[in-house]
Amino acid sequence: MNSFSARVLDLVKRVPRGRVTTYAEIARAAGSPRAARAAGNALNKNPRPVRVPCHRVVSSGGKIGGYSRGVAIKTSLLRREDVFAKGGRIAGFEKLFFRFNKTA
DNA sequence: CCTGGGGCAGCCG
DNA sequence: ACGGCTGCCCCAG
């Protein structure tokens, strides 16, 4: 695993329960603002070994985004944390949005 | 709302 | 090491 992926995973692990963040935000915090896609790619493969709450990572604007095991699972996991997705969107996304500390 | 093009790291040949 | 394809995306039209 490379530093980028490692950073991405580490960042995702910091997202508190019941909160969500975006791929773009993670990419930014990881040091590559334009690498949201790459960040998602990293999440797709890495979360096998360790438990990474990928379900707390959504797309920009509060869209559900994707999930390797299926968006339905992702939605369920979120709902489990009192985060509800209505029509492919996170309800109250802006309030639940978690921003990383840049100095991390 | 849908379509097209761009940008970035990982993986494979 | 090199080049090309891919993806849980993003932004503009």
Side-chain angles (χ1 to χ4, degrees):
Chain A
M1 171 178 317
N2 343 0
S3 56
F4 181 77
S5 309
R7 229 170 293 171
V8 170
L9 293 179
D10 188 57
L11 287 166
V12 173
K13 284 192 293 186
R14 296 185 196 184
V15 180
R17 189 169 172 281
R19 302 288 295 280
V20 292
T21 190
T22 68
Y23 298 99
E25 179 65 17
I26 288 177
R28 191 183 316 168
S32 299
R34 303 293 169 192
R37 203 170 186 179
N41 194 6
L43 283 177
N44 185 13
K45 300 197 169 182
N46 283 327
R48 281 182 265 183
V50 275
R51 249 183 232 174
V52 183
C54 326
H55 62 281
R56 294 181 193 153
V57 185
V58 300
S59 183
S60 254
K63 288 180 302 212
I64 278 294
Y67 200 63
S68 42
R69 291 160 67 188
V71 183
I73 303 298
K74 187 174 184 175
T75 303
S76 298
L77 290 168
L78 286 172
R79 187 174 52 191
R80 181 187 297 180
E81 303 182 357
D82 294 312
V83 177
F84 301 96
K86 309 280 186 179
R89 285 297 182 103
I90 303 297
F93 160 72
E94 311 220 338
K95 292 194 303 180
L96 302 175
F97 184 70
F98 177 81
R99 298 192 186 190
F100 293 103
N101 201 349
K102 284 188 178 182
T103 58

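To find a chain, count down the sequence lines: A is the first, B the second, and so on, and within it residues start at 1.
A straight line from CD of A:Glu25 to C1' of C:dC10 spans 14 Å, rounded to a whole angstrom. One atom, CZ of A:Phe4, and another, P of C:dG7, lie 17 Å apart when rounded to the nearest Å. Computed from coordinates, the A:Lys63 NZ to C:dC9 C1' distance equals 9 Å when rounded to whole Å. If you take CG of A:Asn44 and C1' of C:dT6, they are 10 Å apart, rounded to a whole angstrom. Straight-line distance from the CG atom of A:Leu43 to the C1' atom of B:dG10: 13 Å, rounded to whole Å. The CG-C1' distance, from A:Leu9 to B:dA9, rounds to 13 Å in whole Å. Summarising the geometry, the separation between CZ on A:Arg37 and P on B:dG5 is reported as 13 Å, rounded to the nearest angstrom. If you take CZ of A:Arg89 and C1' of B:dC1, they are 11 Å apart, rounded to a whole angstrom.
For A:Ala91 against A:Leu96, the heavy-atom pair with the smallest separation is O-CD1, 3.7 Å. In this structure, A:Leu11 and A:Ala29 approach most closely via the heavy-atom pair CD1-CB, 3.7 Å. What you find for A:Val58 and A:Lys63 is that their closest heavy atoms are CB-O, 3.2 Å. In plain terms, the two heavy atoms of A:Phe100 and A:Arg14 that are nearest each other are CE2-CB, 4.4 Å.
Residue A:Ser32 has a polar side-chain atom (N or O) positioned under 4.0 Å from OP1 or OP2 of B:dA9. Applying the 4.0 Å criterion to OP1 and OP2 of C:dC10, one finds that A:Ser60 has a side-chain N or O inside that range. A close approach under 4.0 Å does occur between a side-chain nitrogen or oxygen of A:Ser5 and OP1 or OP2 of B:dG10.
Distances were taken from every side-chain heavy atom of A:Ala36 (C-beta onward) to each of C:dC10, B:dA9, B:dG7; the shortest belongs to C:dC10. Side-chain proximity of A:Ala24 to B:dC8, C:dC10, B:dG6: nearest is C:dC10. For A:Ser59, the listed nucleotide lying nearest its side chain is C:dC10; candidates were B:dA9, B:dG7, C:dC10. When each of B:dG7, C:dT6, B:dC11 is scored by its nearest atom to the side-chain atoms of A:Lys45, the top-ranked nucleotide is B:dC11.
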side-chain contact (heavy atoms from CB on, under 4.5 Å) between A:Arg56 and A:Glu81, worked out: CA-CA 10 Å; A:Arg56 294 181 193 153; A:Glu81 303 182 357; 2.8 Å; yes
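Between A:Asn41 and A:Thr22, the residue anchored closer to the 5' end of DNA chain C is A:Asn41, taking for each the nucleotide with the nearest heavy atom.
Applying the side chain to side chain contact (heavy atoms under 4.5 Å, CB included) test between A:Val57 and each of A:Thr22, A:Thr21, A:Val52 identifies A:Thr21 as the sole match.
Helical stems of DNA chain C (runs of at least 3 Watson-Crick or G-U pairs, donor-acceptor distances under 3.5 Å) are listed by first residue: B:2-6 with C:9-13, B:8-13 with C:2-7.
Taking 4.5 Å as the limit, every side-chain heavy atom of A:Val83 sits out of range of all side-chain heavy atoms of A:Phe93.
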